[in-house]
Each structure stands twice: as structure tokens, then as C-alpha cells.
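A short write-up of the structure that comes next.
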Amino acid sequence: MTGDCSKTTSNIPSLPMEVDTAFLRSLRGVLKLAEMGTMFVAFVCFAVASRPKYIAATCMEFVITFSLLLLYTLKLNKKLTLFFWPLVDLFNSLFAAVFILILSLIAVSTYTVTGTLGGGIVGFIATGLWCVDGCMLFKRVTFNQPRTAATGTVK
């Protein structure tokens with residue numbers, strides 16, 4: 001018996017991970033990337049201004065948007081069918097828009113450091129992006145209609 005452990009074989013089949021690069025080039029993919037970019041800039045502005053509450057809020061929205069971007073890019077929404085992902089994304093867009101709007105209004109009105117003002121202004125931009133994303137998703141989400149009737153193509 002030789003103690004050669006260098007040859008280990010696994011009987012577990014590897015599943016290829018599909019990557020949807022077309023989503024990243026679509027309008028919704030570009031919106032998600034822009035939302036992440038603005039939240040990162042707001043995060044940096046609030047971090048420079050040492051505002052922990054604002055840092056936590058922007059970091060949370062960045063992570064949620066990144067998670068949704070990964071969900072669509074890796075086509076996990078087709079494998080995890082427990083949720084209706086466009087509706088989850090719609091609720092996130094609307095909640096994030098209202099949440100960051102209120103946060104930005106507070107940041108702009110009570111700023112003492114320029115970084116807080118900058119983060120608030122970038123937060124307003126992110127709010128606009130989430131509103132556009134929410135409107136696009138609202139037009140796409142249909143209730144109790146067949147898919148062909150919802151998209152406008154009737155057979």
C-alpha cells in the first residue's frame with residue numbers, strides 16, 4: 001500500500017455555470033451597474049465624512065443590488081424558482097428609492113462636512129436610477145395574464 005495522496009479523484013460532476021453577458025449589456029443591466037456605482041461613490045463620500053449610519057445604509061443597498069445583479073447574470077433566477085424575482089426586484093427598487101431619498105434629504109439638510117453633501121447628492125442620482133428601474137420592472141411584471149399577451153405579441 002502506497003500512501004500517495006497526490007492523486008485524488010472526485011466523482012462529483014461539475015455543473016457549468018451559465019453567465020448571461022447579454023444581461024450586462026441590456027438597459028436593465030446597465031441600470032444595475034449604474035446603481036452599484038452611485039452607491040459605491042456615496043459610500044466613499046460618507047466614509048470620508050465619517051458618518052456610520054449613512055455608511056451602513058449605502059453599503060446595504062450596494063450589497064442588495066450586487067446580489068440581484070449576480071442573480072440575473074448567473075441565471076440563478078431560472079434555478080431558484082421559489083420567488084418571483086422580477087417582483088422582488090421591483091419591491092427592492094421602490095424601497096431603495098424611498099430609503100435613499102430620505103437618507104439623502106437628511107444628509108443634504110444637516111451636512112457639516114463636504115463628504116456628507118456629496119454623498120447626499122449622489123444619493124439623489126441613485127434614487128432617480130432606482131425609480132427608472134422600478135418603472136421598467138412595473139411595465140414588465142404582469143399579474144394573471146399569459147406571457148404572450150403581456151409582451152404585446154398575440155398568437
Side-chain angles (χ1 to χ4, degrees), residues 12 14-147 149-153:
I12 302 171
S14 64
L15 298 173
M17 183 65 67
E18 289 185 55
V19 177
D20 189 8
T21 56
F23 175 75
L24 293 175
R25 291 187 300 263
S26 70
L27 182 59
R28 286 196 51 235
V30 170
L31 269 174
K32 291 280 180 218
L33 290 170
E35 291 164 6
M36 283 177 41
T38 54
M39 275 297 96
F40 182 74
V41 170
F43 168 77
V44 169
C45 289
F46 291 136
V48 167
S50 298
R51 305 292 276 193
K53 295 176 186 174
Y54 300 142
I55 292 169
T58 54
C59 186
M60 178 187 70
E61 287 303 331
F62 178 84
V63 168
I64 292 171
T65 304
F66 180 69
S67 300
L68 287 168
L69 180 73
L70 276 180
L71 179 88
Y72 293 127
T73 304
L74 299 178
K75 293 186 178 182
L76 295 174
N77 59 331
K78 303 214 188 292
K79 295 177 185 172
L80 303 171
T81 58
L82 180 64
F83 298 111
F84 183 55
W85 290 109
L87 190 60
V88 171
D89 197 2
L90 174 67
F91 284 143
N92 174 60
S93 294
L94 296 178
F95 176 77
V98 171
F99 182 60
I100 296 298
L101 176 67
I102 293 169
L103 182 102
S104 297
L105 285 170
I106 294 170
V108 167
S109 66
T110 62
Y111 82 96
T112 56
V113 181
T114 309
T116 307
L117 179 64
I121 292 170
V122 173
F124 287 133
I125 295 168
T127 299
L129 291 171
W130 271 307
C131 287
V132 170
D133 193 20
C135 288
M136 287 178 53
L137 283 166
F138 188 72
K139 289 178 184 178
R140 191 171 151 221
V141 173
T142 59
F143 300 102
N144 297 327
Q145 293 180 5
R147 282 182 183 237
T151 58
T153 57

- Message: Here's a test for you: under side chain to side chain contact (heavy atoms under 4.5 Å, CB included), which of Thr58, Leu129, Val122, Ile64 qualifies with Met39?
- Response: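 When side chain to side chain contact (heavy atoms under 4.5 Å, CB included) is applied between Met39 and each of Thr58, Leu129, Val122, Ile64, only Thr58 qualifies.
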
- Applying the side chain to side chain contact (heavy atoms under 4.5 Å, CB included) test to Glu61, which of Thr38, Leu103, Ile100 qualifies?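 The residue from Thr38, Leu103, Ile100 that satisfies side chain to side chain contact (heavy atoms under 4.5 Å, CB included) with Glu61 turns out to be Ile100.
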
Spatial distance of atom [atom1] ([X]) from atom [atom2] ([Y]) [nearest 0.5 Å]:
| X | Y | atom1 | atom2 | answer |
| --- | --- | --- | --- | --- |
| Thr65 | Asp89 | OG1 | CG | 8.5 Å |
| Asp133 | Glu35 | CG | CD | 4.5 Å |
| Thr73 | Glu18 | OG1 | CD | 12.5 Å |
| Leu101 | Ile106 | CG | CD1 | 10.0 Å |

Given side chains that start at C-beta, do those of [X] and [Y] come closer than 4.5 Å, heavy atoms only?
| X | Y | answer |
| --- | --- | --- |
| Arg28 | Arg140 | yes |
| Asp20 | Tyr72 | no |
| Phe138 | Leu94 | no |
| Thr114 | Val48 | no |
| Trp130 | Val98 | no |
| Phe124 | Leu105 | yes |

So, Trp85 side chain and Leu76 main chain: donor-acceptor pair closer than 3.5 Å or not?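 Absent.
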
Tell me whether Ser26 contacts the main-chain N or O of Phe23 through its side chain, where contact means a donor paired with an acceptor under 3.5 Å.
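Side chain of Ser26 to backbone of Phe23, a donor-acceptor pair under 3.5 Å: yes, one is there.
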
Tell me, with the steps shown, if Phe83 and Leu71 meet side-chain contact (heavy atoms from CB on, under 4.5 Å).
-> CA-CA 12 Å; Phe83 298 111; Leu71 179 88; over 6 Å; no

For [X] against [Y], the heavy-atom pair lying closest together:
| X | Y | result |
| --- | --- | --- |
| Ala42 | Gly119 | CB-O, 3.9 Å |
| Gly118 | Cys45 | C-SG, 4.0 Å |
| Ala49 | Thr116 | CB-OG1, 3.3 Å |
| Leu137 | Leu90 | CD1-N, 3.7 Å |

I'd like to know whether CZ of Phe40 has more than 12 heavy-atom contacts from other residues, nucleotides or ligands below 6.0 angstrom.
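Not buried by this count: 12 neighbours or fewer within 6.0 Å.
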
Is it the case that more than 12 heavy atoms not belonging to Tyr111 sit under 6.0 Å from its OH atom?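 Not more than 12 within 6.0 Å, no.
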
For this session: For this output row, return yes or no: ring centroids of Phe99 and Phe95 closer than 6.0 angstrom.
Result: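 Aromatic pair counts; centres sit under 6.0 Å.
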
